[in-house]
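Here's the structure we're looking at; comments come further down.
Chain naming here is simple, since letters A, B, ... match the order of the sequence lines and numbering starts at 1 in each.
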Protein chains: 2
Amino acid sequence: MAAVDLTTHPGHLARRLQQAHYLLWNTMVSEEITSPQFAVLNTLVAEPGLDQRTVGERVGLDRSTIAEVISRLGRRGLLDKVRDPQDGRRFLLRLTDDGLRTHKKLTVRTARMNQVFLAPLSAEEQTLFFDLIRRVADAAEGLRNPGEPLVAQP
Amino acid sequence: MAAVDLTTHPGHLARRLQQAHYLLWNTMVSEEITSPQFAVLNTLVAEPGLDQRTVGERVGLDRSTIAEVISRLGRRGLLDKVRDPQDGRRFLLRLTDDGLRTHKKLTVRTARMNQVFLAPLSAEEQTLFFDLIRRVADAAEGLRNPGEPLVAQP
DNA sequence: CAGAAATAATCAGTGCCCTGACTAATTGAG
DNA sequence: CTCAATTAGTCAGGGCACTGATTATTTCTG
């Protein structure tokens, strides 16, 4: 008694959605490279030479997690880490040729996978799907970062 | 060049949504009990005496993961595992008084959290949010399980 | 310029999530 | 009734995700 209906709990739904995506990714895209790893490759294609922390920020991974992901990609020879000569704390990241090739290959497969994944929704529903999730996620993130006010107060 | 916009990738969005939920849960609901753990407690409130595998099925966790979650809840004294006298492979699970108390307390906080989490959406949008995510997740799960046909063919 | 504050990265620890291989118990077919 | 197939659970291994503590470097302030 007093049990709750989990299908109306956004957290439970979010988890199921992510699991479903994970499984489809494994069968349709790659068993080697994961979706977060692809996100990192993609960021470095757009902005080569970024440092680790910034890449993490772009793809939404904290400093610990991004370190692990980068380390795996480095071990697989998909990217290079070079100490920043301007700032000895940073490492600058850059894809290798193999990394670029891998990104290209996975981009095609990812597009196919996304189509299959979203097939149950009409085009308008897909737009709505993105919009609703983005708004909820953005708002929740904003709750943590007290938010940059329009005018910086000292 | 040739980089892709991640904000139109459902997998990336799903991951961000789940992370956002995780963080809010930690601040508004509990730092001890996680959302999947609560889902297990909730299932056992509704159906005491269920076996481990079935609980996993109800909350969407595979046999390995559910084993870990159950083991943690057991260590915390929130549930009891008893060997099924009818079937020596199974363990029957039941919440302790402490488990019931914890579930009750978290149910209230979870409801509050869900309100905050979904606050950026109107009531109609919230309904849509659930519906769209559920349809996508269900369809993707159905792709793995070849599906129970309406008439069983031998 | 020296010491304090901030920043980039690492490490230890906890928990979720999956696969594939394995053990123990039950069920089913010959 | 016996042996094979199925089923519940465990274990090893890899990866994602967070917090809190630590180290090294840079920057800011007095």
Contacts of A/Asp84 and A/Leu61 projected onto DNA chain D by closest heavy atom; the upstream (5') one is A/Leu61
Of A/Arg63 and A/Asp87, the one whose closest nucleotide on DNA chain D sits nearer the 5' end is A/Arg63
Quickly work out the [X] [atom1] to [N] [atom2] distance and round it to whole Å.
| X | N | atom1 | atom2 | value |
| --- | --- | --- | --- | --- |
| A/Gln52 | D/dA24 | CD | P | 17 Å |
| B/Leu50 | D/dA8 | CG | C1' | 13 Å |
| A/Gln18 | C/dG15 | CD | P | 19 Å |
| A/Glu32 | D/dG14 | CD | P | 13 Å |
| B/Leu73 | C/dG15 | CG | P | 10 Å |
| A/Asp62 | C/dA8 | CG | P | 14 Å |
| A/Glu68 | C/dA8 | CD | P | 19 Å |
| A/Tyr22 | D/dG15 | OH | C1' | 7 Å |

For A/Asp51, report the nucleic acid contact type (base, sugar-phosphate, nothing); a contact means any heavy atom under 4.0 Å.
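A/Asp51: backbone/sugar contact only, no base atoms under 4.0 Å.
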Short side-chain N/O contact to [N] OP1/OP2 from [X], under 4.0 Å:
| X | N | answer |
| --- | --- | --- |
| A/Arg90 | C/dA8 | yes |
| B/Lys81 | D/dT10 | yes |
| A/Gln19 | C/dC18 | yes |
| A/Arg53 | C/dA8 | yes |
| A/Arg15 | C/dG15 | no |
| B/Thr34 | C/dG15 | no |

Main-chain N/O of B/Ala14 paired with A/Gln18 side-chain donor or acceptor, under 3.5 Å |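 Checking the backbone N and O of B/Ala14 against the side chain of A/Gln18, no donor-acceptor pair under 3.5 Å is found.
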| request: Check whether any side-chain N or O of A/Ser30 sits under 3.5 Å from a backbone N or O of A/Asn26 as a donor-acceptor pair, and report yes or no. | output: no
Q | Geometric class of the B/Phe117/B/His21 ring pair [parallel <30°, tilted 30-60°, perpendicular >60°] | A | perpendicular
* To do: Identify which nucleotide among D/dG15, D/dA17, C/dC18 has an atom closest to any side-chain atom of A/Arg76, counting heavy atoms from C-beta outward.
  =>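 Nearest to the side-chain atoms of A/Arg76, counting from C-beta on, is D/dG15.
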Do B/Ser64 and C/dT19 share a donor-acceptor pair, side chain to base, under 3.5 Å?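 Indeed, a donor on one side and an acceptor on the other fall under 3.5 Å apart.
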### Task
Scan side-chain atoms only and decide if B/Asp5 and B/Thr8 contain a donor-acceptor pair under the 3.5 Å cut-off.
no
Can you tell me if B/Asp62 and B/Thr65 form a side-chain donor-acceptor pair at under 3.5 Å?
yes
